[in-house]
Structures are given as structure tokens and as C-alpha cells.
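I have placed the structure first, in the form of C-alpha cells, so that the comments after it can refer back to it.
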Amino acid sequence: MIKIKFPDQTEREFSEGINPIEIAKSLSNSLAKEIIVATVDGNLWDSTRPIYTNCEIKLHKWDDTEGKHCFWHSSAHIMAEALEYFYPGVKFGIGPTIENGFYYDIDLPDGATISDSDFAKIEKKILEIAQGKHDFARKEVSKDEAIQYFQHKGDQYKLELIDELSDGTITFYSQNSFTDLCRGPHLADTSYIKAVKLMSIAGAFWRGDEKRKQLTRVYGISFPKQKLLDEYLHMLEEAKKRDHRKLGKELELFMFSPKVGMGLPMWLPKGAMLRERLENFLKKVQKKYGYQQVITPHIGMKDLYVTSGHYEKYGKDSFQPIFTPAENEEFLLKPMNCPHHCEIYKSKPRSYKDLPLRLAEFGTVYRYEQSGELHGLTRVRGFTQDDAHLFCTPDQISEEFKKVIDIVLYIFKTLKFNDFTAQISLRDPSDKKKYIGTDENWEKAEQAIIDAASEKGLTTKVELGEAAFYGPKLDFMVKDALGRKWQLGTIQVDYNLPERFELEYVGSDDRKHRPVMIHRAPFGSMERFVAVLIEHTEGKFPLWLSPEQFVILPISEKYNEYANQVLQMLDAYDVRGFIDDRNEKIGRKIRDNEMKKIPYLLVVGEKELENKTLSVRKQAEGDLGMQTIEEFARFINKEIEKELE
RNA sequence: GCCGAUGUAGCUCAGAGGUAGAGCACUUCCUUGGUAAGGAAGGGGUCAUGGGUUCAAUUCCCAUCAUUGGCUCCA
């Protein structure tokens, strides 16, 4: 007999060789049917794999991440089997699970192609295999056996993977006619899978290396019930409605024009108004924190970027340099604001009494992004950073860094970005060549970030190898409507640029010292931030940011004149709106302006004219009743105050 | 950049080797209507661009441009 301990700390005895499903069955039959996989002493374990020793066990159903992942992983194997059926000779790369579903990288036989028109038949085949209720059989194999199997099959990708595994740890899983190199675990059998959908096809370089062969990646997702698939697809449809590219067009916030150039956004009047409000908001906060605004040009001499190191790093991949006709001088579009700011720092001698010097600029920068990387407003070639550079003494870093964190958190709180992750990006210790600067400075900078984040009580995730080439950073990531993560706020410590630009200050000891720089952008870029803001609010911006806060709806043309008076009076209270004086019925005006997501609809007709009032209707909520013009103006200003608290 | 998909009216989309379609938007007229679509008429397209096949191409083929999903999440 063996002793098995459950998560609630109770212990029971079972006979040796019992498996998780049988254990579940001893608790309840219905539970047994739902068990997908188990964790045994911290290791994932097939639900049908026997247990021979005392252990702690945790049973996973579909609702657990572990359950879903096992489910999808097994689905990937069945998809592989189906693909092999339609494309004999296909070779397989890797087939892991992802956040929503799974994929398999395949190398199609010569001449074969696959496109989404093939999805239906593959899905059908997958379900057919699933319904066959084939067991997933686990088999431990020796390295030699494994090599032999895939040599015989001619799958060089699997052979490459096996090559990196050590003997004695290799397992195969088979179902029906398909066997794969796999660590597992898997479902008991294929019949758990009741619904499957192939999502898309993509090219993916083998092992993520663009010098190696590009494989075809097939994405899919599967569910234990058809209803769950339907729900998932519906959820995707809903998410698409929040897409900032769609809303940006509908709400006339920004546009692109192939004639201007891909990835070069243009802000329309309403978008510009929104952006300006965000900028002014941040300027006000920054003023409180002792920042000073500066303005620098959009281009700079090549030599500026040679000094900064950007030329060496990005020069080749950037936009082509600009040459002056007479002198043949070489300029670059600025990819970053920091070199200019360094020159401002250098413009006169600085004393320790001047530090920290905080130079802020909404600086527009241009970066050549690969055409395939462009994405709405979140990934563009010309964008405006809410940039600032803090020049300080080494012992001021920690304090300054923490103040920046405060600003970021204040902004996120005001805009209700509650669901963000803070990521500390450090050097890849195994590839230090990628970075510029001394080891000692890197270590100091990395430690400064880690300490500041922990002091501010941030829950952080550390990512090695994600640092900028000139320094480590703390990034604030937020997800978009479709669950893609974007970096918004960023704070970076930099010992490198002060060195390269030979920045100095005179200390209290009357000697020259080198300052440290902190780069920071709480929004990140105005473009990306607004994109994420659109998706978060579904275009229903907080009142203070709404390009149009109210619309006046006259019941009929007879009340247009009164509407004009109201507009003028509200203008005086610093609220923004317009009159919908179209020749339409009130119901129509309400519908159209609701769809435009105008926060307040003000109906004026006979009654309002008589009493000098407004009928206030809140978007998505309905009638709030009559208010005088002053009451409404005070009310709306109070609402804004509350938002900005 | 690479792999896949897409490109038809301002927007959302249907269509077919032989004279270009719908809904919404727009213009004009009727209507002056009290909380999510009043009625009628009308204008609007080099079917992304450039080649090719064909008696005939917006449709088929090729290229280009743009948009879009992915190329990190490791058997």
C-alpha cells in the first residue's frame, strides 16, 4: 500500500500502481470523468500513469491551467496525426500549447501547401480520430531507440531535439497511428476532445532562428464541449469590437495613408484633442515633480548618434540618412531623444546643486520597423514619446527611480489600468557582447532597479536578455483587447550615455563627477498608450479625455436657437460639446450620438426653453432628469474632478 | 523581411469570364417629431496598381503596393 496526500492535507492509502483516474474514482465517479491530468509531487503526471510510491497528488480538471494545457497538448498530437494523414511525409518540429490553444510547426513535403481552406477537412479528421477513443500510450525509450525511430521516419527536426536530451529521460507518446517524442503528460484517451478549430497558419523559423528553415505553423484550439468553442469564438468577436484600429476609424481619432507611408499615423482633430489632454495632464504632474520641458529638433547629425552609440547599433537598419546638398553633411531622423538632451545638459557647467536635472519632452522619433511588425497605433514608424531624462548623482538614483514609479502608478490609477505587469529586464548573462557599458555599471544599475521596485511594493517579473542595449529597465506591460501584451511605461537606468557624452558635474568636493541618467516614459508613446486606452475603454473615454463631452439635441428646429445659447453658456464653463441640429427626430439623434459614445446627451425642447433647463441623458445609462445649465456645468466639472482625484 | 490571408461606393460587405450590387453614410424634398433607426427621390466606383492570358478580365495568372494573423511563449 502507498500513502497519498491530497491538497487539503488529508491522507489515504491505496494499492501500489494505482493511477490518478482510479484515485479520483474512489472519491466520486463524476470527478473521475473530469480528470485530465494530475500533479504528483510537483511533477505533471498522466491520469493513467501508475503511481508506486507515497506522494502528494493534485487532480486537474479542464478548469485548471494544467488541465487545459494537457488537453491542448494532446490535441496538438491528434492534429499532427491528421496532418500526416493528409500530407504523408510531413516532418514535425515542435507542437506546444500556448495561452489559448496550441500549434504545431510542420515542414510540408515538397510541393505541398496548406491554407485555411484546408482547415475544415483537417478539423473533421481530428474529430474523427478523437471519437475513435484511442489511448495515449506513454513509453520510456532509450536515446538509441528514439534516434532509430526518427531516423527511420526521416524527421531531422525531432532528431535535433533528441540530440539535446540525455538518455534515460526520453519518452514517446502514441495514439492511434501516430507516435511523437514527448515529455507529456497527455489525456487518457482521445475521446475527451469534442470540438476543435484551426485558427490560422503562419511561417515560423525553426527554433526561432531566421537563418534556419521556415516551417509552417498551424494554430488551433480545442474544447471538451462544443459550447465552449462557440463561447470562445464569440468572445473573440467581442474583442474585435474593441480593436483600436476599428474604433479609431469609427470615432475619427487617427488615420493612416499609404501615400504618407506605412506606420506613420496621422491624428485627426478628435484624436489630437484626446492626445493633447493626456499630454497636458502629464505635463502638470511632471511640473509638480520638478521636470522642465524642452523641445529639440527631429533630426540630428550622424556624429551625434555615433557618440551615443545608436548609429552603430541601429544605423544600418534605420531610415536612410539625410544629406545636405552643399556641404554633404549627414543627418539622421532621430530614433531617440536622449542624445539631444545630453547636449542640453552639456550646454553649461553643472553643479551638484543643479541635480537632479529633469528634462522632459514630448519628442517625436522615427524608427524603421520591419513592415510585417507594424500594427495599428501600437507598432509604428513615427511616434511621440512622453520622454524625460533625469540627470542625477549616483546616490540620487534610487530616490529618482522611485518617484518615477510613483508617476507611472498615478497615471495607471487615474486611467484605471489595474491589470498590468511590471517587468524588470536585465542583461542576458550569457551574451554580454550585445550590450555596451562596463560590467560594474550594469550590476549597479540592475540592483538599483530591483531595489526601487521592491521598495515600491511592485510585483515584478524578471526577464533576462530583455534589457535595452545601453541599460536595464523596468517596463509596465498592459494587454490589448486580443490579449497581446504591449510595453507602455518604461524606466531605464543608463550609465552609458553620460560616459559617451562625457557629462560632468562639479561636486561639493569641487571635483568633476559623472552623472547618471534615467530615461523614463510613463505612457511609453502617445500612440501606443492611446491605442491601449481605446481598447480598455471601448472608446468610452473618461469625461476629461472625451473629445466631445456633450451634445445638445434640439427636439425640433424651433429650439436650435436655444441650443446655441446653451452651447455658448457651457463654453464659458470650459466644457466641450456641439449641437446636433440635423433635421431628425429626437430618437434618431439619441441613437446616433449614443453610438458615437458622447458621454452626455442634452435634450432641449419646449419645456427646457421655458424653464431655461436641459434634459440630461448619460450615455449607456439613460435619462438623468432636468438640470439648469449651471447645474449641469457644475455637475460635469465635478465628475471630471472625481476622475482626476 | 519571411509564411498565410485580404483589397469592390465614405463605412460594413455581397457578387460574377460578357452593361457593377445591398445596407448604413451623403445630397435634396416631405415631415417639426420628447429619450436608441420617420418617409421619398437622388448623387457616388478605372472593382488597390501595373503587366499577362482571352473575342472579352473587376473576375483567371504574375508582379507591385497596402492592410491583416503569425514568426517569444521551446519535444
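Chain naming here is simple, since letters A, B, ... match the order of the sequence lines and numbering starts at 1 in each. Please read these numbers as outputs of a predicted model, since none were measured by experiment.
Side-chain atoms of A/Thr460 do not come within 3.5 Å of backbone N or O of A/Ala422 as any donor-acceptor pair.
Under a 4.0 Å N-O distance rule, the pair A/Glu610/A/Lys612 does not qualify as a salt bridge. Ion pairing of A/Asp180 with A/Lys158 is present here, as a side-chain N (NZ or NE/NH1/NH2) and a carboxylate O approach within less than 4.0 Å.
Rounded to the nearest Å, the gap between the P atom of B/rG38 and that of B/rG33 is 15 Å. Nucleotides B/rU54 and B/rU64, compared at atom C1', are 23 Å apart to the nearest Å. Separating the C1' atom of B/rA48 from that of B/rU67 is a span of 11 Å, rounded to the nearest Å. Here, B/rG21 and B/rU35 have their C1' atoms 36 Å apart, quoted to the whole Å. Rounded to the nearest Å, the gap between the C1' atom of B/rA16 and that of B/rU58 is 10 Å. Going from the C1' atom of B/rU59 to that of B/rU53 covers 13 Å, rounded to whole Å. Taking the P atoms as reference points, B/rC13 lies 11 Å from B/rA9, given to the whole Å. Atom name C1', nucleotides B/rG50 and B/rG70: the rounded distance is 29 Å, in whole Å.
Using modelled atom types, one finds a donor on one side chain and an acceptor on the other under 3.5 Å when comparing A/Asp46 with A/Tyr173. Checked by atom type, the side-chain pair A/Thr421/A/Gln423 shows no donor-acceptor distance below 3.5 Å. Side chains of A/His134 and A/Thr190: no donor on one and acceptor on the other come within 3.5 Å.
As a whole-Å value, the separation of A/Gln370 CD from B/rU72 P is 11 Å. We find that NZ of A/Lys249 is positioned 14 Å from P of B/rG7, with the value rounded to whole Å. Atom pair A/Leu251:CG and B/rG10:C1' shows a separation of 16 Å (rounding to whole Å applied). The nearest whole Å value for the distance from the CD1 atom in A/Ile201 to the C1' atom in B/rU6 is 15 Å. Atom CG in A/Asp580 sits about 19 Å away from atom P in B/rU32, given to the nearest Å. In this structure, the CD atom of A/Glu557 is 15 Å from the P atom of B/rG34, given to the nearest Å. Between the CG atom of A/Leu614 and the P atom of B/rU35 there is a distance of 17 Å, rounded to whole Å. Distance A/Glu621 CD to B/rU35 C1': 15 Å, rounded to the nearest Å.
Across all strands shown, A/Glu584 has heavy atoms under 4.0 Å from base atoms, whether or not it also approaches the sugar-phosphate. Across all strands shown, A/Gly587 has heavy atoms under 4.0 Å from sugar-phosphate atoms exclusively, and none from any base. As judged by a 4.0 angstrom heavy-atom cut-off over every strand, A/Gly208 is placed among residues touching the sugar-phosphate backbone only. No contact: A/Leu553 has no heavy atom under 4.0 Å from any strand. Note on A/Glu606: a base of the nucleic acid sits closer than 4.0 angstrom, heavy atoms only. Counting non-hydrogen atoms under 4.0 angstrom, A/Ile590 reaches a base of the nucleic acid. Nucleic acid contact class of A/Gly622 (heavy atoms, under 4.0 Å, all strands): none. A/Thr97 comes within 4.0 angstrom of sugar-phosphate atoms only, judged by non-hydrogen atoms across all strands, and of no base.
Checking B/rG69, B/rG33, B/rG1 against every side-chain atom of A/Phe205, the shortest atom distance belongs to B/rG1. When distances run from any side-chain atom of A/Ser371 to the nucleotides B/rC73, B/rA66, B/rG1, the shortest one goes to B/rG1. The A/Ser556 side chain lies nearest to B/rG33 when the options are B/rC3, B/rA5, B/rG33. Taking the side chain of A/Arg217 as heavy atoms from C-beta on, and the options B/rC73, B/rU31, B/rG34, the nearest nucleotide is B/rC73. Each of B/rC3, B/rG34, B/rG38 was ranked by its minimum atom distance to the side chain of A/Ala202; first place goes to B/rC3. Counting only heavy atoms from C-beta on, A/Met595 has its side chain closest to B/rA36 among B/rG4, B/rA36, B/rG34. Closest approach to the A/Glu608 side chain among B/rU35, B/rG34, B/rG69 is made by B/rG34 (side chain taken as heavy atoms from C-beta onward). Distances were taken from every side-chain heavy atom of A/Ile555 (C-beta onward) to each of B/rG34, B/rA36, B/rG69; the shortest belongs to B/rG34. Relative to the side chain of A/Glu373, the nucleotides B/rU35, B/rG1, B/rC30 differ in distance, and B/rG1 lies closest. For A/Arg617, the listed nucleotide lying nearest its side chain is B/rU35; candidates were B/rG34, B/rU32, B/rU35.
Phosphate proximity of B/rU67 to A/Arg245: absent, as no side-chain N or O sits under 4.0 Å from OP1 or OP2. Residue A/Arg212 has no polar side-chain atom (N or O) positioned under 4.0 Å from OP1 or OP2 of B/rC71. A close approach under 4.0 Å does not occur between any side-chain nitrogen or oxygen of A/Lys589 and OP1 or OP2 of B/rA37. Phosphate contact (OP1/OP2 of B/rC71, side-chain N/O of A/Tyr103, threshold under 4.0 Å): absent. Between A/His69 and the phosphate of B/rC73, there is no side-chain N or O to OP1/OP2 separation shorter than 4.0 Å. Between A/Tyr219 and B/rG4 there is no side-chain polar atom (N or O) within less than 4.0 angstrom of OP1 or OP2.
Under the 6.0 Å cut-off for aromatic ring centres, A/His73 and A/His77 qualify, their centroids lying closer than that. Aromatic pair A/Trp486/A/His375: centroids less than 6.0 angstrom apart. The aromatic ring centres of A/Phe71 and A/Tyr192 sit 6.0 Å or more apart.
With both pairing distances under 3.5 Å, B/rA16 is matched to nothing as a Watson-Crick or G-U wobble pair. Pairing for B/rG45 is absent, judged as Watson-Crick or G-U wobble with the two contacts each under 3.5 Å. With a cut-off of 3.5 Å on both Watson-Crick or G-U wobble distances, the partner of B/rU58 is given as none. Of all nucleotides present, none satisfies the Watson-Crick or G-U wobble test against B/rU72 with each distance under 3.5 Å. Using the Watson-Crick or G-U wobble rule with both distances under 3.5 Å, B/rC65 pairs with B/rG7.
With the nearest nucleotide of RNA chain B identified for both A/Gln619 and A/Ile98, A/Gln619 has the one nearer the 5' end. Map A/Ser115 and A/Val604 each onto its nearest nucleotide of RNA chain B; the residue landing nearer the 5' end is A/Ser115.
At least one test fails for A/Arg212 against the ring of A/Phe205: distance under 6.0 Å to the centre or angle within 45° of the axis.
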